[in-house]
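The structure appears right after this line, and notes come after that.
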Amino acid sequence: MYKNIKDCVVGRKYRFDEHYHNVCNDDVNLSYMTGKCVTNKKFESGHQLIEIQMHVDIPQLQGEFGNKAMFYFPDDHQYEKIKVSEYEGI
């Protein structure tokens with residue numbers, strides 16, 4: 001069962017549906033890859049930060065990104081409809 005990326009629960013593992021993540025103006029294909037939600041924080045300003053720690057190393061997410069796909073709403077409005085499903089593996 002799919003859920004919106006905004007509804008991820010910290011500590012649970014997820015698998016992306018089709019998803020291309022923009023990192024430094026480069027589209028990185030994360031489609032059907034898995035990761036663990038390590039942050040889902042809502043701020044008083046109405047913003048929300050979600051971080052998914054990827055299970056495999058993604059070269060474009062190394063360094064300052066710590067191999068995490070990051071979503072910051074409402075700024076990342078292009079990701080509003082990203083779908084993930086809970087994942088039991090790894």
Side-chain angles (χ1 to χ4, degrees):
M1 184 168 143
Y2 285 103
K3 63 170 59 182
N4 187 282
I5 189 75
K6 292 181 178 183
D7 298 323
C8 286
V9 176
V10 171
R12 292 200 181 157
K13 300 172 195 169
Y14 294 95
R15 180 175 174 234
F16 285 102
D17 193 16
E18 186 173 334
H19 176 54
Y20 290 84
H21 201 74
N22 189 280
V23 180
C24 299
N25 296 319
D26 186 22
D27 281 336
V28 179
N29 187 356
L30 299 182
S31 299
Y32 312 108
M33 290 188 174
T34 61
K36 181 179 181 179
C37 181
V38 294
T39 304
N40 189 341
K41 182 174 182 174
K42 294 180 181 178
F43 299 90
E44 287 183 25
S45 65
H47 287 82
Q48 182 176 8
L49 172 65
I50 298 146
E51 296 178 317
I52 305 293
Q53 181 75 52
M54 302 305 296
H55 286 140
V56 298
D57 289 339
I58 309 296
Q60 298 91 333
L61 296 179
Q62 298 306 307
E64 68 183 280
F65 301 108
N67 205 46
K68 294 182 275 190
M70 298 181 198
F71 304 85
Y72 189 65
F73 297 105
D75 295 357
D76 289 338
H77 58 86
Q78 71 273 27
Y79 300 135
E80 290 279 342
K81 296 181 181 179
I82 294 297
K83 299 286 184 192
V84 294
S85 58
E86 285 201 45
Y87 181 76
E88 297 295 326
I90 302 177

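This structure is a prediction, so every number in the text was calculated from the model and none was measured.
- With sequence neighbours excluded, the residues forming a side-chain contact (heavy atoms from CB on, under 4.5 Å) with Y2 are D17, K83, S85, listed by chain and number.
- Judged as a side chain to side chain donor-acceptor pair (under 3.5 Å), and not counting sequence neighbours, the contacts of K6 are E80.
- Counting heavy atoms from C-beta on, the side chains of H47 and D75 come closer than 4.5 Å.
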**OP:** Dump the intermediate steps for side-chain contact (heavy atoms from CB on, under 4.5 Å) on F16 and S31, then the final yes or no.
**Re:** CA-CA 6 Å; F16 285 102; S31 299; over 6 Å; no
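- Shortest non-hydrogen contact noted between H21 and L30 is CB-CD1, 3.7 Å.
- The ring-ring contact (aromatic ring centres under 6.0 Å, His included) check on Y14 picks up nothing, with sequence neighbours excluded.
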**OP:** Under the side-chain contact (heavy atoms from CB on, under 4.5 Å) rule, what do K13 and T34 come out as? Steps first, then yes or no, please.
**Re:** CA-CA 7 Å; K13 300 172 195 169; T34 61; over 6 Å; no
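- Remark: E86 pairs with K3, R12 by the salt bridge (Lys or Arg N to Asp or Glu O under 4.0 Å) rule, at least two apart or across chains.
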Original post:
Would C37 and V9 satisfy side-chain contact (heavy atoms from CB on, under 4.5 Å), going step by step from the backbone distance to the final call?
Top reply: CA-CA 6 Å; C37 181; V9 176; over 6 Å; no
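- Once rounded to the nearest 0.5 Å, the distance linking CZ of F43 with OH of Y72 reads 5.5 Å.
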Indicate every side-chain donor-acceptor pair of residues 61-70 with a distance under 3.5 Å to a residue at least two apart or in another chain.
{"unit_1": "Q62", "atom_1": "NE2", "unit_2": "I58", "atom_2": "O", "d": "3.0"}
{"unit_1": "Q62", "atom_1": "NE2", "unit_2": "N67", "atom_2": "OD1", "d": "2.8"}
{"unit_1": "N67", "atom_1": "OD1", "unit_2": "I58", "atom_2": "N", "d": "2.9"}
{"unit_1": "N67", "atom_1": "ND2", "unit_2": "M54", "atom_2": "O", "d": "3.3"}
{"unit_1": "N67", "atom_1": "ND2", "unit_2": "V56", "atom_2": "O", "d": "3.0"}

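- In this structure, T39 contributes its side chain and I50 its backbone to no donor-acceptor pair below 3.5 Å.
- Cluster annotation: L49 is not connected to V23 through the hydrophobic network of ILVMFWY side chains, with a link wherever side-chain heavy atoms come within less than 4.5 Å.
- For F71 and H19, the gap between ring centers is short of 6.0 Å.
- N25 pairs by the side-chain contact (heavy atoms from CB on, under 4.5 Å) definition with N22, not counting sequence neighbours.
- Going from atom NZ of K81 over to atom CG of N4 covers 10.0 Å, rounded to the nearest 0.5 Å.
- Distance check: I52 CD1 to I82 CD1 gives 11.0 Å after rounding to the nearest 0.5 Å.
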